[in-house]
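Atoms considered below: every heavy atom in the structure, side chains included; atoms not considered: hydrogens, waters and symmetry mates. Just so it is clear: chains get the letters A, B, ... in the order the sequence lines come, proteins before strands, and each one is counted from 1.
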Amino acid sequence: MNQVITHPPGSLELISGDFKGKDILSLDQFSAADLYRVFALAREMKELVLASQPSQLLAGQLVALLFYEPSSRTFGSFAAAVKRLGGQTLDIQNPEVVSSVWKGESFEDTISVFGAYTQAIVLRHPLPGAAQRAAEVANVPVINAGDGNNEHPTQTLLDLFTIYEQFGRLDHLKGLLAGDPLNSRTLHSLIRGLALFEGNTVYLLSPEALRLTRDDLLALRSRGIEIVEIHSEREIPTDCHFWYWTRIQKERLSSLDEYQQLAAASFQVTPALLAERANREMILMDPLPRVGTIDPAVDSDERAVYLRSQIRNGLYTRMALLALILGKA
Amino acid sequence: MNQVITHPPGSLELISGDFKGKDILSLDQFSAADLYRVFALAREMKELVLASQPSQLLAGQLVALLFYEPSSRTFGSFAAAVKRLGGQTLDIQNPEVVSSVWKGESFEDTISVFGAYTQAIVLRHPLPGAAQRAAEVANVPVINAGDGNNEHPTQTLLDLFTIYEQFGRLDHLKGLLAGDPLNSRTLHSLIRGLALFEGNTVYLLSPEALRLTRDDLLALRSRGIEIVEIHSEREIPTDCHFWYWTRIQKERLSSLDEYQQLAAASFQVTPALLAERANREMILMDPLPRVGTIDPAVDSDERAVYLRSQIRNGLYTRMALLALILGKA
Amino acid sequence: MNQVITHPPGSLELISGDFKGKDILSLDQFSAADLYRVFALAREMKELVLASQPSQLLAGQLVALLFYEPSSRTFGSFAAAVKRLGGQTLDIQNPEVVSSVWKGESFEDTISVFGAYTQAIVLRHPLPGAAQRAAEVANVPVINAGDGNNEHPTQTLLDLFTIYEQFGRLDHLKGLLAGDPLNSRTLHSLIRGLALFEGNTVYLLSPEALRLTRDDLLALRSRGIEIVEIHSEREIPTDCHFWYWTRIQKERLSSLDEYQQLAAASFQVTPALLAERANREMILMDPLPRVGTIDPAVDSDERAVYLRSQIRNGLYTRMALLALILGKA
């Protein structure tokens, strides 16, 4: 099974500089210029938040947060993004519970209904393709906040913005991506994002059993990014600009046994590893939740951005994206 | 068992042109003039929403949405109505879970508490009469958002408004009401609403087992509306102004078997039926969720308003009603 | 087991007149002057609410309501407090459900994340000490909205404010505290609050099995308040300024049998008891929920403030506290 998403030609509407009213379903809708547009605005949002300035940019805007599976972090980040800009949210958690038990309303009807009440829908759904289906039905923009193992484009926006903020560019960078290259959606998506820029190289560190599939490796390389697979901490180049650690995707495995075996074979960030293989300017990232990825003893290291700027950048990039989609930028 | 609600004289406070501070428990509180007042304001709300104008009409108003059973559509519609007017909501889902397990607070105390925090309470409850009881206890207006099989007055407001918007009047109309005349609360309530106006006729289409009880039929006819029961699609008059389709109320039946039998005998709207028995000006309505009522192939027909204006009219009429009750119209 | 909280010296940051940015973890952070500061502002909040004036004092402020256990009353009161002042809330109920099933994020990481999105965190948690732990991790103020059987400081603020509003002072008062002196967190906390002022006496009425432990009795007396234990309604002094009734803390008992025995032996407020032992100026309080504490026949007595001013005072005091903590007073 090929894990890397490849969209059939024409199935995704490119942004091409014009965000207003667009659905945001996949990272593949963005060009390098589109990303820089989001990041420029995210910087303004950051200044606004840091200055504690109340904003009314989204006053009168109502955004549905339609979460078919729980995700308190993503939910909180989108809710905060809307509210920090003076907008309001319509929070619907587990709408299927409502309708499925007795009433059996279709997903499409639910989307139509909430599209009629609001100016945009942020959708989280366990099934791959749910966001695309919602976008076909809704008469307002749909933002994919994660549809199963398919896409979670705003996660990658914040990851790229975090790297961009640190180094002032997104090209000619070296990154270490560790954890679960086989199954991690955010890791795949980050590689695709980096492939939009020139001269990037990523090193994939994982146990043998969690390497990318051959097809995925080739598909990603064909996008123009250099990918090097490594299998020991000793192989980590010391001049990496960032480390990006992902947890083992337990929910994709067939048994707890398998998980425990893989977890035992996996790599973890410790103060010792940082001291040995990381330089002073690099940053250490994790999309969270971190489970068996980073030793909490590392948290106080100023290169550890996962609980600090990486989280806050999720707020800033989502504020920027919402403002652009709603035509208020 | 008589399904049609008949309130003992004096048990309901009539609106009589004065909405401010009133509880909204039943459609029977409205006169024809009261309905027209709501509809005139709903039209203004529609213009406001379509113009994307941020409104501050309910600024500083806090409305409790107290839902003792889930209903994402009704919840979303009320929440959107408050927020589109610049108000805020206090969302409490399943408050009984909180208190019942360990603490055992009474329904009346919970109502008193939320009445003390807010300016109005929108209540959804599985038990008939819950809204009336809440209104007796609360020192703020209570709006009934459905109390079991008793009443759901704002559903009927939006249904009537949808017909009114299409034909510019609510008298001398012919309607087809199909599905479950025996048990459908919204269908009973719509008949009572239409009975407030002169010269209306409704045709009830259902399998034999789902006909109105004799008592209900007589009670409704006594309100001054003509009711004709039909049992075949061939009997549908082609000059109906609207079709209103309701699902079989599965939750009122004793077994899944019974439901499946009735479902098999029930009538469904298809493109073919529309082509054969509907005229060009009619509208096709459904209170949703539609389960076995309308073939999705019909959705693209412009007469199908259930996912479009009927839903949005729920927003406009609730905005209007809230503004009136809170004295901000 | 000693139920009364005694914090090791230096473990709590005193308010000492400066609320801005402080965590609110325990009543023991407050001096008498700090309490009067809150109450003076709470009075202004009361006037604001009674005048139905929309306030923008907390405009642009986002407060996380992070509830690891349900509590609709406390949740509603904090949500209303934020929103009545023009602020917004980020509502997260049961965040552990999200992370624990599959993802296993730590409590500390969750707190860091929500601290990054918002300007303050209101935390409800079943485990004693959770609020203190959160305060150590978060980079925004944390308000303890109840951490197990440990503390619930805002409950005591509203209780004290209710007494203050009635008598214009908090010293030289006599109070009757009934119900469950052994286990009631709010009762212990109220005694500690009253001990900050001179000349107060409390009478504790309970069945033998629910008396304070010897250690607790001594610890509380050492704070400088007079405590008299009584065991019959006939011993209630008729010159008490307030009665404060608490339910038996069922969740602390080992069996339903034990609860039923204690409940049978417990005291209840009835119209007859009020007529016999209460004077005309006293007030009757209950932190709610009332379960087996106060006969509903008493509700209409104007001295019964538990469903009226006591509830509303929860709103006013939380409005005041939030404004002070957020530096907007």
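Contacts between residues 306-315 of chain C and chain B, counted as heavy-atom pairs separated by less than 4.5 Å, involve C:L307, C:I311, C:R312, C:L315. Of all residues in residues 43-65 of chain B, those placing a non-hydrogen atom less than 4.5 angstrom from a non-hydrogen atom of chain C are B:A59, B:G60, B:L62.
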Let me check something: any side-chain donor-acceptor pairs from residues 78-88 of chain B under 3.5 Å, sequence neighbours excluded? List them with distances.
unit_1, atom_1, unit_2, atom_2, d
B:K83, NZ, A:T89, O, 2.6
B:R84, NE, A:Y117, O, 3.3
B:R84, NH2, A:Y117, O, 3.0
B:Q88, NE2, C:G87, O, 3.2

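Residues meeting the salt bridge (Lys or Arg N to Asp or Glu O under 4.0 Å) test with C:D295, sequence neighbours left out: none.
Within the model, atoms CZ of C:R73 and CD1 of B:I92 stand 11.0 Å from one another, a figure rounded to the nearest 0.5 Å.
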